[in-house]
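So the structure is just underneath, and the comments pick up after that.
First listed ligand is number 1; within each ligand, the first listed atom is number 1.
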Amino acid sequence: MKGFLTPHPDGRPFVMGVLNVTPDSFSDGGRFIDVDAARDHGLALLEEGADILDIGGESTRPGARPVDEIEEMDRVLPVIEAIRAMRPDAIVSIDTMKPDVAGAAIGAGAWMWNDVNALRGEGALDCAADLQCAVCLMHMQGEPGSMQDAPAYENVVTEVAQFLGRRAGAAMSAGIAKEKIWLDPGIGFGKTLAHNLALMAALEHFAGFGFGLLFGASRKRFIQAIDETAASAQDRLGGSLAAALHAARAGASIIRVHDVRETVQALKVQAAIANAGR
Ligand SMILES: Cn1cnc2c(O)nc(N)nc21
């Protein structure tokens, strides 16, 4: 039985825990992924309160090198299977731009295809429609390897909104049900600090489209641009929580984070305050 998202009684958004299954995250120092370590981290995130695990085998951070399909599948499938063997109720999203990887992951029990490329890959729209899975369509200018070289927009909010509207229309035309579509402005994917801030300040505009809104700012570099003491990813918890709480207030229904326990606690307190005020 595939897991489905049951709304939280306090109304807070769902938390999507990040599980990057890449050599720089779960390898024994060599090329190979330590499946048990990745599985255990995923199980820990579920224990911390993650509603969804976002599992990805190809890094999408700025400057990342592409990974071939077989390698990507070899990384993610054993981890999905190992986690679901221990937690059949686990709700998993597959973070990939490749239709075959998505198909294999959905076949292994994943619920959502989280595509930073918004299903623009060859055959991706039809594949997603055939899979009848939930999808996240995210905006990215360019591609991970070069997207941060010189991001430029006439009006970033308008352009990202128009792009997401077009991709949602294409997804529905391909046969993907509206209630299975989440949109995402893609913080840090071909954006300067000013672009990221403009998108976050306008976030409720994106929530108003009638689709789900998925938001991910966790540990991203824009936080260091605001607070230069946040030199490494681990030093960005405060900024990550601030962005998560802002997104929740703006209407995001799924928030993608590394620090699950802290984010769940922050969202619970935010919801308790909001509910007391009603
Ligand atoms: C894979 N990945 C990294 N950052 C992300 C973000 O902000 N949104 C989505 N949907 N996926 C992301």
**Message:** Are M140 and M97 packed together at the side-chain level, in the sense that at least one heavy-atom pair is separated by less than 4.5 angstrom?
**Reply:** yes

**Request:** Starting at CZ of R219, measure out to CG of L237 and round the result to the nearest 0.5 Å.
**Result:** 8.0 Å

**Message:** So, taking the atom named NE2 in H139 and the one named CZ in R167, what distance separates them when rounded to the nearest 0.5 Å?
**Reply:** 11.5 Å

**Prompt:** Roughly how far apart are H8 NE2 and L267 CG, rounded to 0.5 Å?
**Reply:** 8.5 Å

**Prompt:** Taking only heavy atoms of C136, which atoms of ligand 1 are found under 4.0 Å from at least one of them?
**Reply:** 10 (N)

**Asked** Side chain, backbone, both or neither: which part of V18 comes within less than 4.0 Å of ligand 1 when only heavy atoms are counted?
**Response** neither

**Message:** Are L214 and S253 packed together at the side-chain level, in the sense that at least one heavy-atom pair is separated by less than 4.5 angstrom?
**Reply:** no

**Message:** In the structure I gave you, are the side-chain heavy atoms of R65 and E58 within less than 4.5 Å of one another anywhere?
**Reply:** no

**Prompt:** Short list, please: which atoms of ligand 1 are under 4.0 Å from a heavy atom of D95?
**Reply:** 1 (C)

**Request:** Would you mind listing which atoms of ligand 1 come within a distance below 4.0 Å of any non-hydrogen atom of L214?
**Result:** 10 (N)

**Asked** Contact between K220 and ligand 1, counting heavy atoms under 4.0 Å?
**Response** yes

**Asked** Hey, which atoms in ligand 1 end up nearer than 4.0 Å to a heavy atom of G216?
**Response** 7 (O)

**Prompt:** Going by the atom numbers of ligand 1, which of them fall below 4.0 Å from some non-hydrogen atom of N114?
**Reply:** 9 (C), 10 (N), 11 (N)

**Request:** Answer yes or no for F189: is there a heavy-atom contact with ligand 1 below 4.0 Å?
**Result:** yes

**Message:** Return the closest protein heavy atom for atom 8 (N) of ligand 1 as residue, atom name and distance.
**Reply:** D184 OD2, 2.6 Å

**Fill in**
atom 3 (C) of ligand 1: closest protein heavy atom, distance to 0.1 Å, is R256 NH1, 3.2 Å

**Asked** Regarding T22 and D24, is there a side-chain donor-to-acceptor distance under 3.5 Å anywhere?
**Response** yes

**Under 4.0 Å to a heavy atom of T60 - the qualifying atoms of ligand 1, by number** = 1 (C), 3 (C)

**Asked** For ligand 1, is G186 a contact, meaning one of its heavy atoms is under 4.0 Å away?
**Response** no

**Prompt:** Are side-chain heavy atoms of M200 and F222 found at a separation under 4.5 Å?
**Reply:** yes

